[in-house]
Amino acid sequence: MPRTEQVELTNMCMICREDKVLVIDRKKPDWPGITFPGGHVEPGESVVDSVVREIREETGLTIAAPVLCGTVGWCDEGRRYLVFLYKASRFTGELRASDEGEVWWERLSELPRLRLTSGMTNYLRVFCEEPLSELFYRKAGDGWIEELK
């Protein structure tokens with residue numbers, strides 16, 4: 001059995017400012033709704049550099065010292081998908097929207113009332129609940145089982 005596999009690496013960052021977090025209303029049809037900004041890790045790019053770049057591209061902010069707080073992963077059709085989840089509270093720049101969607105500061109406590117992207121409720125648990133560090137989706141027939149670890 002081979003020990004290597006095709007992997008797609010992405011990132012997401014919860015940027016905190018007092019009791020608010022920065023959200024984006026994603027317009028892309030592959031995963032629409034309200035979530036945190038982030039995106040793909042480019043070939044040869046470090047994961048930290050990728051999250052700093054993606055946040056700057058999507059929001060206009062330059063984050064400093066992002067802290068890894070967990071991962072989200074799943075395997076589908078011979079490929080593994082891995083999302084690195086970061087938190088940041090230090091940033092500079094002027095907030096602005098991008099082609100990805102509108103961005104704004106929202107109270108963390110209000111997020112469950114918004115039209116979140118699919119699965120974002122469990123992403124939030126990994127971001128916010130100290131003992132959790134992984135959300136893994138396991139394929140089960142035609143559906144998925146969510147495993148919080």
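Remember, predicted model here, so these are calculated numbers, not experimental data.
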Cluster overlap Val103 with Leu116, hydrophobic side-chain contacts below 4.5 Å: no
Path from Val48 to Phe84 over hydrophobic side-chain contacts below 4.5 Å: yes
Between Trp104 and Glu102, a side-chain donor and acceptor under 3.5 Å: no
Separation of Ile63 CD1 from Ile55 CD1 (nearest 0.5 Å): 5.0 Å
Between CD on residue Glu8 and CH2 on residue Trp74, distance to nearest 0.5 Å: 8.0 Å
Separation of Glu42 CD from Leu9 CG (nearest 0.5 Å): 11.0 Å
Beyond-backbone contact of Leu61 with Pro37, side-chain heavy atoms, under 4.5 angstrom: no
Atom pair CD/CG of Glu146 and Leu135 - distance to nearest 0.5 Å: 6.0 Å
Glu5 atom CD: more than 12 heavy-atom contacts under 6.0 Å: yes
Check: Tyr123 ring centre within less than 6.0 Å of Trp31 ring centre: yes
Distance-minimising heavy-atom pair for Ala65 and Arg90: CB-NH1, 3.7 Å
Note: Lys149-Glu147 ion pair, threshold 4.0 Å (strictly below): yes
Ile15 side chain reached by Phe91 side chain, heavy atoms, under 4.5 Å: yes
Close aromatic pair by centroid cut-off 6.0 Å: Phe127 and Phe36: yes
Val67 with Val51, same ILVMFWY side-chain cluster at under 4.5 Å: no
Partner residues of Glu54 under the side chain to side chain contact (heavy atoms under 4.5 Å, CB included) criterion, sequence neighbours left out: Asn11, Glu57, Glu58
Asp142 atom CG, over 12 foreign heavy atoms within 6.0 Å: no
Ion pair Lys27/Asp99, N-O distance below 4.0 Å: no
CZ/Arg107: more than 12 non-hydrogen atoms of other groups inside 6.0 Å: no
CD on Glu18 to OG on Ser89, rounded to 0.5 Å: 11.5 Å
Between SG on residue Cys69 and CE on residue Met12, distance to nearest 0.5 Å: 10.5 Å
Nearest atoms (heavy-atom pairs only) where Pro66 meets Ala88: CA-CB, 4.3 Å
Positive for side-chain contact (heavy atoms from CB on, under 4.5 Å) with Trp105, one of Leu22, Asp19, Val21: Leu22
Nearest heavy atoms of Val41 and Ser50, plus distance in Å: CG2-OG, 3.3 Å
Linked, directly or transitively: Leu148 and Leu111 (ILVMFWY side chains, under 4.5 Å): yes
Any Asp76 side-chain heavy atom under 4.5 Å of Tyr137 side chain: no
Hphob cluster co-occupancy, Met120 + Leu82, side-chain heavy atoms under 4.5 angstrom: no
Which atom of His40 lies closest to which atom of Thr10, heavy atoms considered: CD2-CG2, 3.5 Å
